[in-house]
Structures are given as structure tokens and as C-alpha cells.
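Read the structure below first, then the notes.
By convention in this document, chain letters (A, B, ...) are assigned in the order of the sequence lines, proteins followed by strands, and residues within each chain are numbered from 1.
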Amino acid sequence: MDSATSEATRDTEGTTAHGTAPATRPPLHSSAANGLKIVIVGGFGVGKTTMVRSVSDIRPLNTEETMTRAGEGVDDLSGVRGKTTTTIAFDFGRISLNDRTVLYLFGAPGQERFWFLWDRLFSGTLGAVVLVDTRRLEDSWYAIDRLEAHGTPFIVARNDFGGPRHTTEQVREALDLPADIPLVDCDARSRESSRDVLIALVHHLYALSTESTESTTHHAPETSS
Amino acid sequence: MSRPGRDEDPDRLYTVTGGRSRSGTGADTFDLVTLVVSESAPTPGMQSELASILRICRSPTAVVELASDLGLPVSVVRILLGDLLADGRITARHPRTSDVADALPDPDILKQVLVGLRNL
Ligand SMILES: Nc1nc2c(ncn2[C@@H]2O[C@H](COP(=O)(O)OP(=O)(O)O)[C@@H](O)[C@H]2O)c(=O)[nH]1
Ligand SMILES: [Mg+2]
């Protein structure tokens, strides 16, 4: 795929087709050794892919997982013949943080029927961003329930679609969001704004990880812009 | 829930993995973001998916990137990687987020993430 084509694909589609030659993305540093994960979860059209694209070093890629039943992978491919399988697609991007560390961002649909898959796919994730559209807050209820049940730390980011403004309290109330979970505003189309959402999540994770090991001294990271 | 134009044919998956479900070498240990590196070049006559993996992984490549490149589900890629690992053709760099499984991430790793994000 030449670069003109990939730009066109990017503008119209957002994600690449399967089988795209890896030559279209820059290679990781040869010393890259630690892959980290953050999940961006939310309802359809809330801006997940847009946010991934805004901060990613690479054009968002798309892949899929095939499951035969809840909680399991394709555990018997001979049995797949004639059996119903569930296929879920998700997109992802990546940010090289330094020569050793690469952060992968996953955009995950928050609908109820996908959650048994996310539980498995995203174990070991640092944390999650629940992206919400205030016109459809109820789309995120299930995702928040699930993250809480799973013990995955998260923040909520309100994506700005220019609709009517609600106060922070109104949004918190509608989401039944505890006071200790950050709620931030963002514009997923903006690289800076999307980066700041990730920074807010990592600050939250940092606070959680240091408060649970209060006895050991950790230097607080400098505050962000 | 499948997108149009994709080869979802289970027969293809069956063929790619020789009908096996799991490789004997802990395919389950490959996380989505485990970084895979080739330790050898493809050999003539090698199954094309395996040869592709060895070519792509000349530089470190995450399991999820391989799945996207090959157009195969992640679970199938894990099986192929298990085979390559057993044969010593790849090495795997697994994620390290904390010393204890399921614990909150290590503050030192979070600091690295913050520094990296601020440099964006
Ligand atoms: N006005 C506005 N539109 C946005 C914003 N973020 C995303 N969009 C648009 O909303 C649509 C859906 O976004 P997308 O990222 O595909 O949503 P996804 O289904 O969650 O991945 C696209 O047309 C985006 O351009 C935002 O912050 N403000
Ligand atoms: Mg999307």
C-alpha cells in the first residue's frame, strides 16, 4: 500500500484493512521489551477510534479474536467446524514511550455482549478510560459496572460533541460515579486533549499504587501541564 | 458481528494450525502485547504464515500487531507463535507491569509512562 492510499484510507475509514503490509508502520526500537496496555472503552460512536488515532504513533490497526464460548479461545479448531463462534473486532494504536517501553491503546466496544471477551483479552491492563457522550450516558453504565467488578482502575472522559452542557455533578450522578474516580473533559480529535486524558489516568493509577504501599517512599511525579 | 469481506472460514483456521487447538508450549503465555523477535530467517518451504511472522519480527512486534498483519484471530497467532518458540525460532519479551500478578502497576513503570506521555 503506498502512502497516498494509506492517507486516503485513514481519512475515510479510520482503521486499516486486514493484511496490511507492516512496512506501513515504523518498526519498534530493537531494545523494545515491555508492552503496556490501556483500554479505551465506550459505546458505539463515542470517539474511541478517534482518540486512539489522535495519540498513536501508528495509524490505528484492527484485529479480531474468535471465541467458541465465554472465557475461552478457539480451544478446539476441529470443533469449530459447524459450531457457532463469536468474533469480535477491536482497534489499537501504540505509543513508544522510550527505547524499552511501548504503550498499546485498545479501543473496545462497551456493549454487554462483548464483556466476557474483554475480561480475558485485557487482563494485565494498566487501567481504562471510559469515554462517554453526555447525550448517551447510559451507553457506559455497563462498562463501568464491569470495570468495577473486575477491579480494573479507570477514569471517565467526557468527549465534547457540542451538546448541552451538564455540570460535573449531573454527570457523576447519572453515572453513579464515586468521588474518588476522576472525571475529565476531552476532545478526542485533539492530540493534546487525548494525551491529557491518558496522563489523568496514569496520575490516578499512580495515586492508587502509592497509597496501597504507603510505607515505602515513592517520589511523586511532577504535576502535568 | 463479523465485518464484510473477511475470511472467517473456520477451515482456513483449521488449515493454518493443522487443526490443533493449543501448541504444547504454552501459547497462552503470549499476551496481546508480548513483543516477539525472530531468531532465525524463514526456511524454504516453511508454512507461509510462519515465514511471515519471522520476517515481520525482525524488529520487535506485538502479538496483536502480528494478528492484524496476518489477518488471523489472536488465538490462532498464539498457536503459531507457540510452535516457533518451541523450535527456537523466536524469542518472546513478555510484559512486566508489576512484581505481583494482578497487583496495581509498579509506580516506577507509571513514572516512565508519564514521562513518555508528556513528551508527546
Ligand atoms: N464533535 C466531535 N466529534 C467527534 C469527537 N470524537 C469523535 N468524533 C466523531 O464521532 C464519530 C465517531 O467516532 P469514532 O472514533 O469512530 O467512535 P468509536 O465508535 O467510539 O470508535 C466520528 O465521526 C468522529 O469524527 C469529538 O470529540 N467531538
Ligand atoms: Mg471505533
> With respect to chain A, which residue among B:Ser52, B:Gly116, B:Ala62, B:Pro60 yields the maximal number of heavy-atom pairs within a distance under 4.5 Å?
Replying inline: B:Pro60
>> Is a donor from one side chain sitting under 3.5 angstrom from an acceptor on the other, for A:Asn98 and A:Thr101?
In response: yes
> Tell me, do A:Asp160 and A:Asp185 make a side-chain contact under 4.5 Å, heavy atoms counted?
Replying inline: no
> So which of A:His29, A:Lys37, A:Glu192 has the largest heavy-atom pair count under 4.5 angstrom toward chain B?
Replying inline: A:Lys37
> Counting heavy-atom pairs under 4.5 Å to chain B, which of A:Thr125, A:Leu103, A:Leu36 comes out on top?
Replying inline: A:Leu36
>> Taking the side chain as everything from C-beta on, heavy atoms only, tell me whether B:Leu80 gets closer than 4.5 Å to B:Ile53.
In response: yes
>> Under 4.5 Å from any heavy atom of chain B, what part of A:Ser31 do you find: side chain, backbone, both or neither?
In response: backbone
>> Quick check on B:Leu35 against chain A: is it the side chain, the backbone, both or neither that has a heavy atom closer than 4.5 Å?
In response: side chain
> So do the side chains of A:Leu205 and A:Leu126 get within less than 4.5 Å of each other, counting heavy atoms only?
Replying inline: yes
>> With a 4.0 Å cut-off on N to O distance, would you call B:Arg58 and B:Glu39 a salt bridge?
In response: no
> With respect to chain A, which residue among B:Val37, B:Thr61, B:Leu110 yields the maximal number of heavy-atom pairs within a distance under 4.5 Å?
Replying inline: B:Leu110
